[in-house]
Colleague: 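Can you keep this structure in mind? I'll have questions shortly.
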Amino acid sequence: MTQTHTHPQPRSHGPRHARPRKPGATARYVEHHTYAWSVPLVLGLIFGAYVGFLEHDGGSSAGKSAIVGLIGMAVCIGVCFLIGRAQSSMITEAKALAYGVAFGCAFGFLYALSGATVFKSAMMGLLLGVIMGVCALYVFRTRLRSR
């Protein structure tokens with residue numbers, strides 16, 4: 001009886017993403033992918049509806065308030081989606097600044113639609129944008145330390 005000793009051939013694993021995953025890994029990926037569109041969509045729908053309500057409450061016709069609400073919704077969805085897509089490549093301070101600027105602009109716009117002056121709306125947007133930026137910075141810094 002002859003024994004043949006064969007060396008195993010090197011196995012090609014293919015690309016890194018083709019490796020077998022843990023059972024919960026796929027669910028997390030799908031969940032993250034779903035959040036990439038669902039969170040901006042829900043925020044945009046709420047923001048657009050509130051913009052349309054404030055515009056109509058200010059005396060505009062239903063058609064004009066619907067158009068302004070749709071434009072506000074589209075802008076909100078776009079900004080939220082872009083921030084969500086770009087935040088993984090941003091440094092912590094830039095992420096906090098992006099969230100603060102987006103929130104401040106949105107709130108200032110809503111405050112202006114409620115009938116306030118431009119200066120008062122800008123100051124409220126600036127104040128709440130700074131508060132949101134500081135809160136976001138706190139959350140990002142404490143979340144990164146705990147990992």
Colleague: I'd like to check Ile131 versus Phe103 (side-chain heavy atoms, cut-off strictly below 4.5 Å). Are they in contact?
Modeller: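 When only atoms from C-beta onward are counted, Phe103 and Ile131 do not touch, as no gap falls below 4.5 Å.
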Colleague: Same hydrophobic cluster for Leu127 and Met132, using side-chain heavy-atom links shorter than 4.5 Å among ILVMFWY?
Modeller: yes
Colleague: I'd like to know if Leu54 and Phe109 are part of one continuous hydrophobic network [Ile/Leu/Val/Met/Phe/Trp/Tyr, side-chain heavy atoms within less than 4.5 Å].
Modeller: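 Both belong to a single hydrophobic cluster.
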Colleague: Could you pull out every donor-acceptor pair under 3.5 Å between side chains of residues 61-78 and any protein atom, sequence neighbours left out?
Modeller:
| residue | atom | partner | partner atom | Å |
| --- | --- | --- | --- | --- |
| Ser61 | OG | Lys64 | N | 3.3 |
| Ser65 | OG | Ser61 | O | 3.1 |
| Ser65 | OG | Ala62 | O | 3.0 |

Colleague: At what distance, to the nearest 0.5 angstrom, does OG1 of Thr92 lie from CD of Gln87?
Modeller: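 One finds 10.5 Å between OG1 of Thr92 and CD of Gln87.
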Colleague: When hydrophobic residues are tied together by side-chain contacts of less than 4.5 Å, even through go-betweens, does Tyr50 share a cluster with Leu113?
Modeller: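 Yes; tracing contacts between hydrophobic side chains, which count when under 4.5 Å, links both residues.
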Colleague: Check for me, please, whether Leu45 and Val51 land in the same ILVMFWY cluster - side-chain distances under 4.5 Å, paths through other members count.
Modeller: no
Colleague: As an exercise, state the distance from CG of Leu128 to SG of Cys105, rounded to the nearest 0.5 Å.
Modeller: 12.0 Å
Colleague: Any side-chain heavy atom of Val39 within less than 4.5 Å of one from Phe81?
Modeller: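 Contact flag for Val39/Phe81 side chains = no.
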Colleague: Measure the spacing between SG of Cys80 and OH of Tyr99 and express it to the nearest 0.5 Å.
Modeller: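 So the gap between those two atoms works out to 8.0 Å.
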Colleague: Show the nearest heavy-atom pair for residues His56 and Ser60, with the distance to one decimal.
Modeller: ND1-O, 3.2 Å
Colleague: Has Thr142 got a side-chain atom pairing as donor or acceptor with Tyr138's backbone, closer than 3.5 angstrom?
Modeller: yes
Colleague: What closest approach, in Å, do Ala116 and Ser121 show between heavy atoms, and which atom pair accounts for it?
Modeller: CB-OG, 3.7 Å
Colleague: Would a hydrophobic clustering, with Ile, Leu, Val, Met, Phe, Trp and Tyr connected at side-chain separations under 4.5 Å, put Tyr111 with Met123?
Modeller: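 No, Tyr111 and Met123 fall in different hydrophobic clusters.
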